4 protein chains.
Amino acid sequence: MTQGRRGAVRSEAARISILQATAAQFAARGWDHLAIEGIAAAAGVSKQTIYRWWPSKAGLVADCLLEGLLLPESFVPADTGDLRADLTAWLTTVFVFADEPGNAVLFRSLVAAAAEDEQVGLQVRDALGASSALQARLETARALGELDADAPLQQISDALVGVIVLHVITRASTAPELPGRLVHAVTGSHRSPRG
Amino acid sequence: MTQGRRGAVRSEAARISILQATAAQFAARGWDHLAIEGIAAAAGVSKQTIYRWWPSKAGLVADCLLEGLLLPESFVPADTGDLRADLTAWLTTVFVFADEPGNAVLFRSLVAAAAEDEQVGLQVRDALGASSALQARLETARALGELDADAPLQQISDALVGVIVLHVITRASTAPELPGRLVHAVTGSHRSPRG
Amino acid sequence: MTQGRRGAVRSEAARISILQATAAQFAARGWDHLAIEGIAAAAGVSKQTIYRWWPSKAGLVADCLLEGLLLPESFVPADTGDLRADLTAWLTTVFVFADEPGNAVLFRSLVAAAAEDEQVGLQVRDALGASSALQARLETARALGELDADAPLQQISDALVGVIVLHVITRASTAPELPGRLVHAVTGSHRSPRG
Amino acid sequence: MTQGRRGAVRSEAARISILQATAAQFAARGWDHLAIEGIAAAAGVSKQTIYRWWPSKAGLVADCLLEGLLLPESFVPADTGDLRADLTAWLTTVFVFADEPGNAVLFRSLVAAAAEDEQVGLQVRDALGASSALQARLETARALGELDADAPLQQISDALVGVIVLHVITRASTAPELPGRLVHAVTGSHRSPRG
DNA sequence: TCCTAAGCGAGACGGTACGTCCGGTCTTTGC
DNA sequence: GCAAAGACCGGACGTACCGTCTCGCTTAGGA
């Protein structure tokens with residue numbers, strides 16, 4: 001009944017090995033010194049096996065992001081009932097992680113990769129929480145009246161994620177009070193404190 | 001009187017030709033297909049002349065930015081007395097420029113270059129107005145009471161520039177109302193309308 | 001009684017299809033651009049089916065020669081009673097065939113294949129008539145007294161075939177009188193005309 | 001006054017090193033396992049330096065032949081006044097050399113290379129003496145009356161060289177009397193012994 | 001009638017080499 | 001002493017085949 005595809009089946013071991021090697025090399029050498037040959041060698045795989053399944057090194061990186069091999073936790077803001085505190089904590093976490101010397105190269109490389117490939121761009125945006133988790137947190141806050149009913153949630157989350165990206169690009173040093181000020185700037189007083 | 005250095009002096013013609021060729025190739029082929037050999041050929045210059053004066057292709061791009069060869073006008077927000085309107089107009093200008101098909105590659109490449117090189121990163125940030133012009137406009141607004149006295153100006157401008165960068169990365173399509181909503185998100189109600 | 005082998009039997013259709021594809025590809029692309037994958041594709045056969053039955057591409061070519069798929073007629077000298085005339089005619093035929101633009105590649109490739117593989121080497125030699133037909137014609141001539149009783153028949157035929165091979169290798173152009181002169185050189189006056 | 005070409009000059013060391021490596025690899029691995037990458041590695045040279053100066057591996061081999069790196073002595077027949085003896089000695093020398101186990105691969109590879117490339121073909125023919133030295137010896141013999149005035153010298157030498165090539169191809173074993181019989185066959189009685 | 005061995009197509013896999021591009025360095029010549 | 005021309009070593013690109021190896025199916029004797 002099944003239409004019966006013939007021929008050997010794709011090697012899952014090879015797939016995993018390739019993605020892990022990609023993640024390792026990407027973190028170690030950065031986006032534009034990332035070499036398919038290097039990945040193949042590190043993965044113990046022939047180049048052709050990579051080219052058979054991925055169109056480019058961008059595709060490899062996008063898949064690594066999908067599998068969570070590059071950004072291990074996917075930065076989910078907590079929900080303690082206090083939106084600003086939660087966002088500040090979340091932003092602090094991201095900044096601390098991104099400023100970790102080992103991760104700085106990784107983050108910059110992610111931005112570079114995102115700039116050169118649409119897939120990676122979207123993946124990075126999601127991985128930084130822009131779409132799902134962060135959005136959800138904002139919606140909760142709006143439902144609870146912490147934000148105005150017409151607050152531009154999408155734009156708020158874009159601003160937050162954008163700030164992270166800009167931070168990565170400019171290699172700005174992070175003062176401890178920065179996340180709080182950023183959250184303050186971005187959430188403004190969409191819910192008037194006096195309201 | 002002159003302290004007497006002998007030998008030929010640096011050729012200004014070569015310098016200009018190189019930077020112009022860099023700008024042209026950068027816009028045409030993007031950051032990571034930008035080749036020093038290609039620049040040298042297009043500039044009618046030997047590779048050595050490039051390596052003698054610049055340490056890397058990032059340095060070339062940084063110099064192009066400095067000379068305004070890549071972002072011809074440096075996006076300066078107007079000052080009509082209405083901060084939100086001015087910022088919205090400014091943001092619209094930037095988005096329109098960035099979404100121009102010919103400029104999209106350029107912008108993405110700038111982000112990629114910025115991510116890989118600190119010099120370029122800072123240069124890009126300034127070129128997008130984050131430091132000087134945008135900052136000045138915000139200060140004016142604060143002085144006029146459009147913003148609270150303790151409004152986090154630096155963070156507001158970072159959020160705006162960050163949003164631009166994120167927009168470039170994710171290749172998001174721009175709805176006409178988007179700049180307004182972003183400005184709304186970022187300027188929030190730092191000065192309460194009811195205050 | 002039968003020693004009992006079970007399982008499907010070798011597909012004659014596949015065998016033929018493979019040899020025909022080999023012959024076609026060999027004539028079209030030459031010996032060292034001859035690809036097993038190409039043969040398999042052209043024959044509508046899997047690579048494994050080829051490797052199951054032949055050890056190498058040389059084996060394939062040798063089999064093609066055996067089946068007469070490469071040198072359709074096996075150049076046989078006529079016997080009109082005049083040895084020199086017969087050999088000249090035969091040599092002319094071979095030269096004309098070999099100089100045919102479509103066949104030149106084929107001949108050169110045959111020599112290349114012969115040089116790299118013993119089986120093919122012997123097969124080619126036979127196909128050019130060195131052993132059987134040519135030899136037989138010389139023996140007839142000797143029996144009739146056209147050649148001395150102690151004429152070195154084997155060496156005469158080797159010289160003739162060798163000249164063909166050299167001609168193929170050097171891509172020499174063929175003057176019409178060349179075959180006659182060669183026959184003259186090689187048969188010399190083993191039977192003295194004055195004798 | 002000199003027309004003045006600028007830029008670094010071709011490295012003679014590299015040229016020599018490449019040709020020597022080619023000769024070594026060719027003798028060791030044969031024509032169709034001869035790899036440009038292998039030559040480059042053995043010569044301590046980048047691939048580009050090879051491709052800059054030679055169009056193909058055939059060109060490399062042809063140059064090796066020109067420089068005498070493959071066939072060290074260029075097989076010149078002696079002149080003792082006895083043509084047949086000289087040719088027999090010469091042919092014996094060639095056969096002995098070609099049957100040397102180390103040289104057999106070399107000779108076969110030369111034939112293969114010659115079959116695939118015209119330059120190499122002509123070079124091989126010359127190196128085997130067909131054109132100059134052998135021809136000269138035959139002319140001397142004709143002048144002395146050892147050969148008829150109208151003896152087809154070119155064809156005689158072609159037959160001799162052709163026999164060598166055929167010998168190489170068919171991997172025939174060489175009986176000691178073979179060269180004599182071949183010379184007998186080829187020189188026949190162009191000068192009638194009774195004349 | 002099953003069982004089992006073999007043939008066969010498809011095709012994934014680790015490799016080797018291809019010929020090209022470009023990086024960064026060095027050398028030669030001319031101004 | 002700068003600049004052009006350009007050769008050089010090295011590393012990676014993406015492609016083509018190699019020969020081996022599963023897969024899932026078909027074919028054809030023995031049990």
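Just so it is clear, the model here is predicted, and its values are computed rather than measured. Residue numbers start from 1 in every chain, and the chains themselves are labelled A, B, ... in the order their sequence lines are given, proteins ahead of strands.
- Of all the residues in residues 29-60 of chain A, A:R29, A:A35, A:I36, A:E37, A:K47, A:Q48, A:Y51 reach under 4.0 Å from DNA chain F with at least one non-hydrogen atom.
- By the 4.5 Å heavy-atom criterion applied to side chains, B:R29 and B:L34 are not counted as neighbours.
- Taking 4.5 Å as the limit, every side-chain heavy atom of D:V111 sits out of range of all side-chain heavy atoms of D:V124.
- In this structure, the CD atom of A:E12 is 14 Å from the P atom of F:dC23, given to the nearest Å.
- D:R52 places no side-chain N or O within donor-acceptor distance of the main-chain N or O of D:K47, the cut-off being under 3.5 Å.
- When side chains are defined from C-beta on, B:L69 does not count as touching B:T22, because their heavy atoms never get closer than 4.5 Å.
- Sorted by first then second residue, the side chain to side chain donor-acceptor pair (under 3.5 Å) pairs that include residues 54-63 of chain C, not counting sequence neighbours, are C:W54-C:D63.
- Remark: D:R6 is in phosphate contact with F:dA5, judged by side-chain N or O atoms under 4.0 Å from OP1 or OP2.
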